Amino acid sequence: KKEGGRKKESLSVEYFEGLYEENGDPWNFKTSEYERGKYKDTMESLPKKKYKKVLEVGCSVGVLTHKIADICDELTSIDVSEVALKDARERNKNHTNICFENVRYPQNTPKGPFDLIMLSEVVYYWTRDDVELAARQVVSELAPEGDVILVHWTGLTDYPLSADDAVECFIENTKKDLKITKQKREEKYRLDVFTKL
(Lines give C-alpha, C1' and ligand atoms only; values in the text may rest on other atoms or scores of the structure.)
Protein backbone atom coordinates (compact mmCIF):
# COMPACT_ATOMS: atom_id res chain seq x y z
CA LYS A 1 0.00 0.00 0.00
CA LYS A 2 1.27 3.44 -0.91
CA GLU A 3 0.53 6.85 0.51
CA GLY A 4 1.65 9.90 -1.46
CA GLY A 5 3.95 7.78 -3.63
CA ARG A 6 5.55 6.04 -0.62
CA LYS A 7 4.82 2.63 0.80
CA LYS A 8 2.89 3.05 4.00
CA GLU A 9 4.22 -0.01 5.84
CA SER A 10 7.72 -1.29 6.49
CA LEU A 11 8.85 -3.47 3.61
CA SER A 12 7.94 -7.10 4.18
CA VAL A 13 9.90 -10.35 4.13
CA GLU A 14 7.93 -11.31 1.01
CA TYR A 15 8.99 -8.09 -0.73
CA PHE A 16 12.68 -8.92 -0.27
CA GLU A 17 12.34 -12.65 -0.99
CA GLY A 18 10.60 -11.77 -4.26
CA LEU A 19 13.39 -9.39 -5.25
CA TYR A 20 16.15 -11.91 -4.55
CA GLU A 21 14.30 -14.77 -6.23
CA GLU A 22 13.85 -12.64 -9.36
CA ASN A 23 17.41 -11.28 -9.36
CA GLY A 24 20.02 -12.73 -7.00
CA ASP A 25 21.71 -9.32 -6.65
CA PRO A 26 18.92 -6.74 -7.15
CA TRP A 27 21.11 -3.74 -6.26
CA ASN A 28 24.26 -4.98 -8.04
CA PHE A 29 26.27 -5.09 -4.82
CA LYS A 30 28.73 -7.54 -6.38
CA THR A 31 29.61 -5.52 -9.49
CA SER A 32 28.70 -1.84 -8.98
CA GLU A 33 31.48 0.78 -8.94
CA TYR A 34 29.15 2.98 -6.88
CA GLU A 35 28.81 0.22 -4.25
CA ARG A 36 32.57 -0.41 -4.21
CA GLY A 37 33.25 3.28 -3.58
CA LYS A 38 30.55 3.50 -0.93
CA TYR A 39 31.89 0.40 0.85
CA LYS A 40 35.41 1.87 0.84
CA ASP A 41 34.08 5.14 2.28
CA THR A 42 32.04 3.23 4.86
CA MET A 43 35.03 1.24 6.11
CA GLU A 44 37.29 4.32 6.16
CA SER A 45 34.68 6.22 8.19
CA LEU A 46 34.66 3.76 11.07
CA PRO A 47 36.11 5.40 14.21
CA LYS A 48 38.13 2.34 15.21
CA LYS A 49 40.37 0.01 13.21
CA LYS A 50 39.28 -3.13 15.09
CA TYR A 51 36.08 -4.26 16.83
CA LYS A 52 35.31 -7.22 19.06
CA LYS A 53 31.64 -7.84 18.33
CA VAL A 54 29.72 -6.34 15.36
CA LEU A 55 26.08 -6.47 14.24
CA GLU A 56 25.37 -5.92 10.54
CA VAL A 57 21.67 -5.33 9.88
CA GLY A 58 20.55 -6.18 6.34
CA CYS A 59 23.64 -8.01 5.09
CA SER A 60 22.03 -8.94 1.76
CA VAL A 61 24.37 -11.10 -0.36
CA GLY A 62 27.32 -10.48 1.97
CA VAL A 63 29.59 -8.19 -0.04
CA LEU A 64 30.08 -5.58 2.72
CA THR A 65 30.01 -8.45 5.24
CA HIS A 66 33.27 -9.73 3.78
CA LYS A 67 34.98 -6.41 4.53
CA ILE A 68 33.51 -6.08 8.05
CA ALA A 69 34.63 -9.61 8.96
CA ASP A 70 38.24 -8.58 8.40
CA ILE A 71 38.12 -5.95 11.17
CA CYS A 72 36.29 -7.78 13.95
CA ASP A 73 36.49 -10.86 16.16
CA GLU A 74 32.79 -11.76 15.92
CA LEU A 75 30.26 -10.64 13.31
CA THR A 76 26.52 -11.28 13.45
CA SER A 77 25.06 -10.54 9.99
CA ILE A 78 21.30 -10.60 9.67
CA ASP A 79 18.81 -10.35 6.83
CA VAL A 80 15.10 -11.06 6.29
CA SER A 81 15.77 -12.92 3.04
CA GLU A 82 16.89 -16.53 3.27
CA VAL A 83 17.65 -16.39 -0.47
CA ALA A 84 20.13 -13.54 0.11
CA LEU A 85 21.59 -15.26 3.17
CA LYS A 86 22.34 -18.41 1.18
CA ASP A 87 24.47 -16.33 -1.20
CA ALA A 88 26.08 -14.43 1.72
CA ARG A 89 27.04 -17.68 3.47
CA GLU A 90 28.62 -19.02 0.28
CA ARG A 91 30.51 -15.77 -0.41
CA ASN A 92 31.90 -15.71 3.14
CA LYS A 93 32.45 -19.43 3.74
CA ASN A 94 36.15 -18.87 4.51
CA HIS A 95 35.38 -16.45 7.35
CA THR A 96 34.90 -18.43 10.55
CA ASN A 97 33.98 -15.37 12.62
CA ILE A 98 30.58 -14.71 10.96
CA CYS A 99 27.24 -15.92 12.25
CA PHE A 100 24.46 -15.42 9.68
CA GLU A 101 20.89 -15.24 10.97
CA ASN A 102 17.51 -14.94 9.29
CA VAL A 103 16.04 -12.14 11.43
CA ARG A 104 13.40 -9.48 10.91
CA TYR A 105 14.86 -6.38 12.54
CA PRO A 106 13.90 -4.35 14.55
CA GLN A 107 11.08 -6.65 15.69
CA ASN A 108 13.73 -9.22 16.63
CA THR A 109 17.21 -8.25 17.76
CA PRO A 110 20.31 -10.34 18.33
CA LYS A 111 21.68 -9.84 21.82
CA GLY A 112 24.70 -7.62 22.34
CA PRO A 113 26.48 -5.83 23.58
CA PHE A 114 27.96 -4.92 20.20
CA ASP A 115 30.94 -2.59 19.72
CA LEU A 116 29.66 -1.62 16.27
CA ILE A 117 26.19 -1.72 14.74
CA MET A 118 26.06 -1.23 10.98
CA LEU A 119 22.81 -0.05 9.37
CA SER A 120 23.69 0.22 5.70
CA GLU A 121 20.82 0.83 3.28
CA VAL A 122 18.08 -0.41 5.62
CA VAL A 123 16.56 2.33 7.78
CA TYR A 124 14.46 3.83 4.98
CA TYR A 125 12.72 0.47 4.49
CA TRP A 126 10.94 1.03 7.80
CA THR A 127 8.08 3.22 8.99
CA ARG A 128 8.76 5.92 11.58
CA ASP A 129 7.44 3.59 14.29
CA ASP A 130 9.93 0.90 13.25
CA VAL A 131 12.79 3.44 13.08
CA GLU A 132 11.91 4.50 16.63
CA LEU A 133 11.93 0.83 17.70
CA ALA A 134 15.27 0.28 15.91
CA ALA A 135 16.72 3.32 17.69
CA ARG A 136 15.74 1.86 21.07
CA GLN A 137 17.18 -1.54 20.11
CA VAL A 138 20.46 0.01 18.94
CA VAL A 139 20.88 1.97 22.16
CA SER A 140 20.01 -1.10 24.23
CA GLU A 141 22.38 -3.50 22.44
CA LEU A 142 25.31 -1.11 21.89
CA ALA A 143 28.29 -1.42 24.23
CA PRO A 144 29.52 1.65 26.13
CA GLU A 145 31.48 3.85 23.69
CA GLY A 146 30.26 1.60 20.86
CA ASP A 147 29.82 2.95 17.35
CA VAL A 148 26.90 3.03 14.92
CA ILE A 149 27.11 3.77 11.22
CA LEU A 150 24.22 4.54 8.88
CA VAL A 151 24.75 4.74 5.12
CA HIS A 152 21.83 5.46 2.78
CA TRP A 153 21.27 6.22 -0.89
CA THR A 154 19.67 9.66 -1.24
CA GLY A 155 17.92 9.19 -4.58
CA LEU A 156 14.16 8.98 -5.09
CA THR A 157 12.40 5.81 -3.91
CA ASP A 158 8.93 4.66 -2.97
CA TYR A 159 10.20 3.28 0.37
CA PRO A 160 8.32 4.31 3.53
CA LEU A 161 10.91 7.04 4.24
CA SER A 162 13.50 8.97 2.28
CA ALA A 163 17.13 8.61 3.36
CA ASP A 164 17.05 12.02 5.04
CA ASP A 165 13.75 11.40 6.83
CA ALA A 166 14.90 7.97 8.03
CA VAL A 167 18.23 9.19 9.35
CA GLU A 168 16.76 12.31 10.96
CA CYS A 169 14.14 10.14 12.70
CA PHE A 170 16.95 7.88 13.97
CA ILE A 171 18.92 10.91 15.20
CA GLU A 172 15.88 12.37 16.96
CA ASN A 173 15.29 9.08 18.79
CA THR A 174 18.91 8.51 19.85
CA LYS A 175 20.13 12.04 20.65
CA LYS A 176 20.13 11.44 24.43
CA ASP A 177 22.30 8.34 24.09
CA LEU A 178 24.40 8.72 20.93
CA LYS A 179 26.57 11.59 19.77
CA ILE A 180 27.12 12.27 16.09
CA THR A 181 30.83 11.94 15.36
CA LYS A 182 30.76 12.25 11.58
CA GLN A 183 28.28 13.23 8.88
CA LYS A 184 29.14 13.16 5.21
CA ARG A 185 27.06 13.69 2.11
CA GLU A 186 28.25 12.46 -1.24
CA GLU A 187 26.47 12.90 -4.57
CA LYS A 188 24.32 9.77 -4.13
CA TYR A 189 24.45 8.83 -0.45
CA ARG A 190 24.78 10.11 3.07
CA LEU A 191 26.91 8.58 5.81
CA ASP A 192 26.31 9.18 9.52
CA VAL A 193 28.49 7.88 12.37
CA PHE A 194 27.54 7.88 16.07
CA THR A 195 29.22 6.88 19.33
CA LYS A 196 27.41 5.92 22.52
CA LEU A 197 27.69 8.55 25.25
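Just so you know, these numbers come straight off a predicted model, no measurement behind them. The figures here come from the full heavy-atom set of this structure, side chains too, leaving out hydrogens, waters and symmetry mates.
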Counting distance only, does the side-chain N/O of [X] pair as donor-acceptor with the main-chain N or O of [Y] below 3.5 Å?
X	Y	value
N102	V80	yes
D73	N97	no
S60	G62	no
T174	D177	no
S45	D41	yes
N173	A135	no

If you count heavy atoms of other groups shown closer than 6.0 angstrom to [atom1] of [X], is the number above 12?
X	atom1	result
E82	CD	yes
K48	NZ	yes
K188	NZ	no

Checklist entry - Taking it one step at a time, do I78 and E56 satisfy side chain to side chain contact (heavy atoms under 4.5 Å, CB included)? => result CA-CA 6 Å; I78 64 173; E56 178 192 19; over 6 Å; no
Residues 105-112, side-chain donor-acceptor partners within the protein, below 3.5 Å, at least two apart:
{"residue": "Q107", "atom": "NE2", "partner": "D130", "partner atom": "OD1", "Å": "3.2"}
{"residue": "Q107", "atom": "NE2", "partner": "D130", "partner atom": "OD2", "Å": "3.2"}
{"residue": "T109", "atom": "OG1", "partner": "Q137", "partner atom": "NE2", "Å": "3.2"}

Closest heavy-atom contact between [X] and [Y]?
X	Y	value
T154	E187	OG1-O, 4.0 Å
T42	L191	CA-CD1, 3.9 Å
W153	Y124	O-CE2, 3.3 Å
I180	Q183	CG2-CG, 3.4 Å
A166	L161	CA-CD1, 3.9 Å
V193	P47	CG1-CG, 3.7 Å

pair [X]-[Y]: side-chain heavy atoms closer than 4.5 Å:
X	Y	value
L85	C59	yes
T76	F114	yes
Y125	S10	no
S162	H152	no
L46	L116	yes
L178	L142	yes
D70	H95	yes
C169	R128	yes

Distance, nearest 0.5 Å, that separates [atom1] of [X] from [atom2] of [Y]:
X	Y	atom1	atom2	value
K182	D147	NZ	CG	12.0 Å
I171	K175	CD1	NZ	10.5 Å
M43	K67	CE	NZ	8.0 Å
E35	L64	CD	CG	9.0 Å
H66	S77	NE2	OG	12.0 Å
K7	T127	NZ	OG1	14.0 Å

Next on the checklist: I'd like to know whether K38 forms a salt bridge (Lys or Arg N to Asp or Glu O under 4.0 Å) with E121, so could you lay out the CA-CA distance, the side-chain angles of the two residues, the decisive distance to 0.1 Å, and finally the verdict.
Outcome noted: CA-CA 11 Å; K38 187 183 67 174; E121 308 283 3; 2.5 Å; yes
One thing to verify: whether [Y] and [X] come together as a salt bridge, which I'm taking to mean a side-chain N less than 4.0 angstrom from a carboxylate O.
X	Y	result
R190	E168	yes
R185	D192	no
E186	K184	yes

Next on the checklist: Could you check whether F170 and F194 have their ring centres less than 6.0 Å apart?
Outcome noted: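 Centroid distance F194-F170: below 6.0 Å, so yes.
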Next on the checklist: Run the side chain to side chain contact (heavy atoms under 4.5 Å, CB included) test on T65 and L75 for me, step by step, so that the C-alpha distance in whole Å, both residues' side-chain angles and the decisive distance to 0.1 Å come before the verdict.
Outcome noted: CA-CA 8 Å; T65 308; L75 173 57; 3.7 Å; yes
Item to check | ILVMFWY cluster, V57 and L133 together (side-chain gap under 4.5 Å) | outcome: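 The answer is no; the residues belong to distinct hydrophobic clusters.
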Item to check | Verify same cluster id: I71, Y39 (apolar side-chain graph, 4.5 Å) | outcome: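 Yes, I71 and Y39 fall within the same hydrophobic cluster.
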Checklist entry - Will you find, in the side chains of T195 and K179, an N or O donor that is under 3.5 Å from an N or O acceptor? => result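 Absent: no donor and acceptor within the cut-off.
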Item to check | Trace of the side chain to side chain contact (heavy atoms under 4.5 Å, CB included) decision for I149 with L119 | outcome: CA-CA 6 Å; I149 187 163; L119 298 161; over 6 Å; no
Item to check | Pair L55-E141, side chain to side chain contact (heavy atoms under 4.5 Å, CB included): steps then yes or no | outcome: CA-CA 9 Å; L55 173 63; E141 299 305 327; 5.9 Å; no
Item to check | Trace of the salt bridge (Lys or Arg N to Asp or Glu O under 4.0 Å) decision for K53 with D115 | outcome: CA-CA 5 Å; K53 192 171 176 183; D115 304 294; over 6 Å; no
